[in-house]
Structure formats: structure tokens, C-alpha cells
Amino acid sequence: MTGGMVESVADTTEDEVDAVVRAAAAAAAPWAALELADRARVLRGIADRLDAQAAELIPLAMRETHLSEPRLVGELKRTSFQLRLFAQTVLDGEFLDVRIDAADADWPMGAPRPDLRRMNIPLGPVVNFAASNFPFAFSVAGGDTAAALAAGCPVIVKASPGHPVLSRAVGALVDAAVAEAGAPRGTFGLVFGRDAGVQALTHPDVAAAAFTGSTAGGRALYDLASRRPVPIPFYGELGSINPVFVTPDAAAAQTEEIATGLLTAVSASAGQLCTKPGLVAVPADAPVLGKLAELIRTQPVPTGQLLNDAIADGFARAVEQVRAHPDVEVLGGGESDEALLLITTVPTVLADRDQLMHEMFGPATLLVTYQDTAELLELASALDGQLTVSVFGEHADDTARALLTAAAGAAGRVLWNSWPTGLSVTYAQQHGGPYPATTAPGSTSVGTAAIARFLRPVAYQSVPDDLLPPPLRAQNPLAVPRSVNGARAQ
């Protein structure tokens with residue numbers, strides 16, 4: 001089942017988009033020059049407003065997405081938390097990555113070293129394509145918006161068609177926080193409609209873009225960003241099957257935990273999570289297979305409704321593609337409001353990777369049985385780029401090491417005896433991976449390191465102290481962390 005009727009919001013016209021982008025371009029320099037404390041105050045102000053209006057925003061999100069109230073309450077808490085975390089990141093100043101090398105006439109390279117002072121500066125206006133499956137955390141005031149504002153970049157959000165009224169409400173909230181803090185007009189903008197998003201992306205005043213969504217949509221936008229007369233960075237999160245590898249020892253020792261954990265991970269939010277495990281390798285004789293079949297028959301985990309008709313249609317097509325293979329069978333489930341468990345073998349998958357290593361964005365997963373360790377490792381070595389790879393094991397043995405090595409080669413996050421759903425917003429998080437998981441494997445869209453996507457370094461050579469940006473001056477008036485002649489200093 002899918003979400004209900006969504007109230008329409010008029011698409012933003014060409015003239016309106018142009019005005020929004022031009023306002024962002026005009027705001028770029030003053031927003032970047034704003035005191036770090038004032039920038040942090042804007043982020044905290046958005047978070048405060050989200051929390052204060054939760055009673056109005058959550059029912060609105062429920063109507064437009066059919067996500068459950070507990071799920072949305074948790075997501076809203078995550079959203080305001082990450083805004084405050086980015087505010088603290090701004091105040092800490094570490095993101096500026098200040099490096100100072102004093103002039104050195106005896107520099108060992110054979111020539112004198114000039115005075116060099118380097119720091120990160122904002123890229124400029126950023127377009128954020130909001131996601132449909134996280135109406136708060138990856139939407140108007142979500143992680144991409146928070147990271148870009150924290151970096152000192154104005155943000156133009158292209159609203160998701162899955163929750164336009166909620167997007168408008170949150171956008172008004174962001175506008176109010178920006179205005180109250182005295183930030184320049186144009187620091188935040190919101191546009192609606194597919195054409196409006198394309199126009200914003202290709203506008204010459206836009207400096208970068210972020211996207212979370214389908215592989216097809218993200219790749220099309222990435223190509224547009226690359227074909228511009230001046231190409232821009234495009235940070236796209238596209239798709240991932242998040243493979244799980246279960247060793248024979250783990251399959252025997254953790255039968256109950258793996259079976260129940262997998263069903264929960266596949267069913268949560270109707271499987272509409274970018275980290276949902278979509279391929280699970282288990283021994284051919286593992287008791288976990290029987291346990292899964294029993295649980296899906298006697299204790300199925302309710303999946304809830306799909307977000308909208310477009311996602312439902314895409315899920316149906318993806319499932320049909322996998323099920324159409326003659327060597328894929330149904331292990332269990334697939335009825336209304338329950339997960340679908342499909343099953344096949346490693347040789348089958350390796351013989352038809354394009355058809356079977358395919359994301360099913362919804363409550364379904366493909367179990368893949370292997371006969372021996374050689375087959376398991378062959379499957380692990382065949383992975384395309386992923387957001388996550390999980391390994392369930394009992395021992396620190398050669399098989400575990402080989403699986404972890406293959407996992408690190410394919411994914412941005414490697415998990416041991418844990419499921420990839422439930423993505424913590426923190427300092428060390430990495431939510432990204434090689435293509436086709438993302439278009440920029442060196443970056444993350446979750447955690448404080450996400451700020452780096454919207455910054456670029458500039459080195460000032462032999463510039464007088466009073467002409468330097470404050471973080472680079474001799475007295476360090478902002479007291480930001482710095483590297484001086486290769487050593488850490490305040």
C-alpha cells in the first residue's frame with residue numbers, strides 16, 4: 001500500500017527560480033563573512049523552531065508520507081540534533097583546517113619557503129535535492145542543508161514531491177530563523193518542481209549540489225552538473241543493496257538473532273531506507289533459512305505503507321526483475337504489509353549480476369546461499385560500490401579478515417555483527433561509498449565530516465597580516481585550531 005493524497009504546491013516559475021538563485025549568489029559573500037557564532041546561532045534557531053512546532057509538523061508529515069508517528073518523532077529529533085551538532089562544529093573551527101607555514105630561508109627542499117597560510121572557504125550557493133523517504137532528516141532542514149549552511153554556503157532546496165506541504169512549512173521555519181539572526185536575505189531558498197530543480201542546478205551562480213534518491217535520477221542530474229560550461233561538484237547518494245555476509249559459525253551460533261534482526265531491518269519503514277540489506281549471503285544448510293521461513297509465516301513484522309505511487313511502482317518493477325529469474329524462488333512473505341524473502345545461489349548471482357544485484361527499494365531482500373568459503377569470498381569480491389557491507393562472524397579468522405577487506409574495498413561503512421539500518425549522526429560517521437552508491441566516494445552525507453563537501457582550500461602566500469582572514473592572522477583572534485609548521489597549535 002502507498003501513501004494517500006498529497007496536496008499539490010505550485011511549481012516555481014523560471015523567473016522565480018532565477019530570483020531565488022540570484023538572491024543566494026548575492027548572499028554568498030556576506031553569509032560567508034558572518035561571525036562563526038552568528039552562523040551557529042542560525043543553525044540552532046532552525047533546530048529550536050523544529051522542536052517547538054513538532055506538534056504541527058509531525059501530523060502533517062504523517063498525512064503526506066504515511067510514516068508512523070514514532071518513526072517521525074525520532075527523525076525530527078535526529079534533525080534538530082544534527083543542526084545543533086553542526087552549530088557546535090562551526091564554533092569549534094576545526095572545519096576550517098587552518099595550516100600555517102612561516103617563511104623559512106633554510107627550507108630543506110633547496111629553496112626558501114615563503115610564508116604560506118591555508119584555510120577552507122565556502123564554495124558558494126548550494127542546491128539540495130531533498131529526499132522523499134526522510135521528510136525531516138534528508139529534506140528541507142536536513143543534513144545537506146545543515147552542512148552547507150555550516151560551511152558558509154547559501155542553500156536552495158528543491159523540495160521533494162512526496163511531501164510538498166511539509167516542505168513549505170519547514171521552509172517558512174528556516175526563513176524565520178535566518179531572518180531573526182540577521183543573516184542576509186537569500187541565505188535560504190526553496191523551489192518546487194522538477195524543471196525548477198534542473199534550472200537551479202544549471203544556473204551559473206550555483207556552485208555545488210547534493211542529492212539523495214534514485215540511481216537513474218541522480219545520475220541524470222550528475223551528468224547535467226558535469227556538462228555545465230563550468231562543471232560543479234555533485235554529491236549524489238544513488239543506490240545500494242548493502243550486502244550482508246554470514247559466516248558458517250555465525251549462522252549456527254546466532255540463528256535467532258540473525259533471523260529476527262534481518263526481518264526487522266528489511267521491514268522497518270517498509271524497506272524504504274538507503275541502508276536496508278538487500279542481499280544476504282548464508283550457508284546453504286544454515287538453520288537461519290528455516291527460522292526465517294518460520295518467522296515470516298508465524299510472526300511477520302509489519303512493514304507499513306510505501307510512501308507514494310512512484311516508489312510503489314519502482315519497487316514492483318525491481319521485485320519483478322529479480323523474481324523473473326528462473327533460479328530465484330520465494331522463501332516466504334510478500335503478502336500485504338509483510339516483507340518478501342527471495343532466495344537463490346551464489347553461482348546464479350555471479351552469472352547474472354545485473355539482474356540480481358539490483359536494489360529493491362522496499363520491503364524485500366534476496367538471500368543467497370553458498371556451499372563453501374570459496375563461493376562466499378567470490379561473491380564478496382564481485383561487489384559494486386555500496387554504502388554499507390555487514391559481516392556476521394564468530395572468530396577473527398582468515399575468512400573474517402578476507403570479508404572485511406572486500407567490504408572495505410566496496411563500501412563506505414563496514415559493520416561487524418550489526419545491521420546497517422539506524423545511521424548515527426556523529427563525528428566519525430561515513431555515509432557514502434564508491435559508485436554507484438554515490439558520485440563522490442571521498443565524502444559523506446551524514447556526520448560532521450559532511451561539511452567538507454561545501455568547502456575548498458585557499459592558500460595565501462606572503463600576504464600582510466592585516467589583510468589576511470582572521471583565522472590566518474598571527475594573533476588567531478578567533479582561537480581556532482591550527483597547524484603551525486606541521487605541529488598542532490591553538
Side-chain angles (χ1 to χ4, degrees), residues 1-12 16-17 20 42-43 45-83 127-149 155-179 188-194 196-197 200 210-214 217 237 268-270 272-274 304-312 361 425 445-446:
M1 297 178 65
T2 64
M5 293 292 291
V6 175
E7 180 184 335
S8 62
V9 172
D11 287 357
T12 309
E16 290 169 339
V17 173
V20 168
V42 171
L43 293 165
I46 299 170
D48 291 344
R49 281 172 168 76
L50 284 172
D51 290 342
Q53 296 189 26
E56 293 78 32
L57 295 174
I58 287 173
L60 183 54
M62 291 172 66
R63 286 197 298 273
E64 287 197 300
T65 67
H66 277 204
L67 293 170
S68 70
E69 182 175 8
R71 150 69 198 269
L72 290 166
V73 168
E75 186 187 334
L76 184 56
K77 180 178 181 180
R78 165 185 171 163
T79 306
S80 59
F81 168 78
Q82 67 188 5
L83 283 158
V127 176
N128 169 20
F129 289 83
S132 60
N133 59 331
F134 280 87
F136 293 117
F138 282 84
S139 190
V140 173
D144 289 334
T145 295
L149 288 175
V155 175
I156 303 145
V157 175
K158 187 274 176 187
S160 167
H163 47 267
V165 178
L166 176 67
S167 297
R168 185 173 58 190
V170 174
L173 214 148
V174 177
D175 275 332
V178 168
F188 173 81
L190 182 63
V191 300
F192 295 85
R194 182 177 181 274
F211 170 90
T212 300
S214 70
E237 181 193 316
S269 297
Q272 299 164 116
L273 301 174
C274 55
Q305 296 176 304
L306 293 173
L307 290 164
N308 53 57
D309 289 341
I311 286 177
F361 192 71
V425 179
S445 62
V446 177

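For reference, positions follow the sequence shown, starting with 1. Keep in mind that what you see is a predicted model, and the values were worked out from it rather than measured.
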Visitor: For E69 and P59, indicate whether the former's side chain and the latter's backbone hold a donor-acceptor pair under 3.5 Å.
Guide: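 The answer is no, because no donor-acceptor pair under 3.5 Å joins these two groups.
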
Visitor: Where is the tightest heavy-atom contact between A148 and V155, given as atom of each residue plus distance?
Guide: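 Closest approach of A148 to V155: CB-CG2, 3.5 Å.
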
Visitor: Quick check: does any side chain N or O of S68 sit under 3.5 Å from a backbone N or O of R71, one acting as donor and the other as acceptor?
Guide: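 Flag set: sc S68 to bb R71 pair under 3.5 Å.
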
Visitor: Tell me, do S167 and S139 make a side-chain contact under 4.5 Å, heavy atoms counted?
Guide: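 Side chain of S167 against side chain of S139, heavy atoms only: contact under 4.5 Å found.
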
Visitor: State, with a plain yes or no, whether a side-chain heavy atom of L57 is found less than 4.5 Å away from one of V170.
Guide: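 When only atoms from C-beta onward are counted, V170 and L57 do touch, with a gap below 4.5 Å.
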
Visitor: Apply the test side-chain contact (heavy atoms from CB on, under 4.5 Å) to residues T212 and F129: give CA-CA distance (whole Å), side-chain angles for both, the deciding distance (0.1 Å), then the verdict.
Guide: CA-CA 7 Å; T212 300; F129 289 83; over 6 Å; no

Visitor: Tell me the closest heavy-atom pair linking R78 and F138, and the distance in Å.
Guide: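 Nearest pair, atom of R78 first, then F138: NH2-CE1, 3.3 Å.
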
Visitor: State, to 0.1 Å, how close A146 and L83 come at their nearest heavy-atom pair, and which atoms those are.
Guide: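 Closest approach of A146 to L83: CB-CD2, 3.6 Å.
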
Visitor: Which heavy atom of S80 sits nearest a heavy atom of D51, and at what distance?
Guide: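 Reported closest heavy-atom pair: OG-OD1, 3.0 Å.
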
Visitor: Could you check if a side-chain atom of L149 sits within less than 4.5 angstrom of a side-chain atom of V178, using non-hydrogen atoms only?
Guide: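 Heavy-atom side-chain distance check fails, nothing below 4.5 Å.
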
Visitor: Testing E16, K158, R168 one by one against F192 for a side-chain contact (heavy atoms from CB on, under 4.5 Å), which residue passes?
Guide: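 Of the listed options, the one satisfying the test is R168.
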
Visitor: Side chain of Q305, backbone of H66: donor and acceptor closer than 3.5 Å?
Guide: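 Flag not set: sc Q305 to bb H66 has no pair under 3.5 Å.
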
Visitor: Verify the distance criterion only: is there a donor paired with an acceptor across the side chains of H163 and S132 at less than 3.5 Å?
Guide: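 H163 vs S132: no donor-acceptor pair found between side chains.
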
Visitor: On a heavy-atom basis, which atom in V17 and which in A196 lie closest, and how many Å separate them?
Guide: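 Closest heavy-atom pair between V17 and A196: CG2-CB, 3.6 Å.
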
Visitor: Where is the tightest heavy-atom contact between T12 and V191, given as atom of each residue plus distance?
Guide: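 In terms of heavy atoms, the two residues are closest at OG1-CA, 3.3 Å.
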
Visitor: Where the side chain of E64 meets the backbone of L166, is there a donor-acceptor pair that is under 3.5 Å apart?
Guide: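 Looks like yes, one N/O pair under 3.5 Å.
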
Visitor: Hey, does the side chain of T79 reach the backbone of A137 with a donor-acceptor pair shorter than 3.5 angstrom?
Guide: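 Here the side-chain-to-backbone pair exists.
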
Visitor: Answer yes or no: is there a donor N or O on one side and an acceptor on the other, between the side chain of E237 and the main chain of G213, under 3.5 Å?
Guide: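 Here the side-chain-to-backbone pair does not exist.
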
Visitor: Is there a donor-acceptor contact under 3.5 Å from the side chain of N133 to the main chain of Q272?
Guide: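 The answer is yes, because a donor-acceptor pair under 3.5 Å joins these two groups.
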
Visitor: In the structure I gave you, are the side-chain heavy atoms of P135 and L67 within less than 4.5 Å of one another anywhere?
Guide: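 In short, these two side chains touch, coming nearer than 4.5 Å.
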
Visitor: Report yes if the side chains of F134 and L273 come closer than 4.5 Å at any heavy-atom pair, otherwise no.
Guide: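 In short, these two side chains touch, coming nearer than 4.5 Å.
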
Visitor: To the nearest 0.5 Å, what is the distance between CZ on F136 and CD1 on I58?
Guide: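 Rounded to the nearest 0.5 Å, the CZ-CD1 separation comes to 5.5 Å.
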
Visitor: Which salt bridge (charged side-chain N to carboxylate O under 4.0 Å, His left out) pairs, counting each pair once, include a residue from residues 170-179, with sequence neighbours left out?
Guide: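 Every pair satisfying salt bridge (charged side-chain N to carboxylate O under 4.0 Å, His left out) with a residue in residues 170-179: there are none.
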
Visitor: Taking T145 for the side chain and V140 for the main chain, is one N or O donor matched with an acceptor at less than 3.5 Å?
Guide: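 Looks like yes, one N/O pair under 3.5 Å.
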
Visitor: Is any side-chain heavy atom of F211 closer than 4.5 Å to a side-chain heavy atom of D144?
Guide: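 No, too far: nothing below the 4.5 Å cut-off.
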
Visitor: At what distance, to the nearest 0.5 angstrom, does OG of S160 lie from CG of N308?
Guide: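 Taking OG in S160 and CG in N308, the distance rounds to 7.5 Å.
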
Visitor: Crowded around E56 CD? As in, over 12 foreign heavy atoms under 6.0 Å?
Guide: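 Yes, because the 6.0 Å sphere around CD of E56 holds more than 12 heavy atoms from other groups.
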
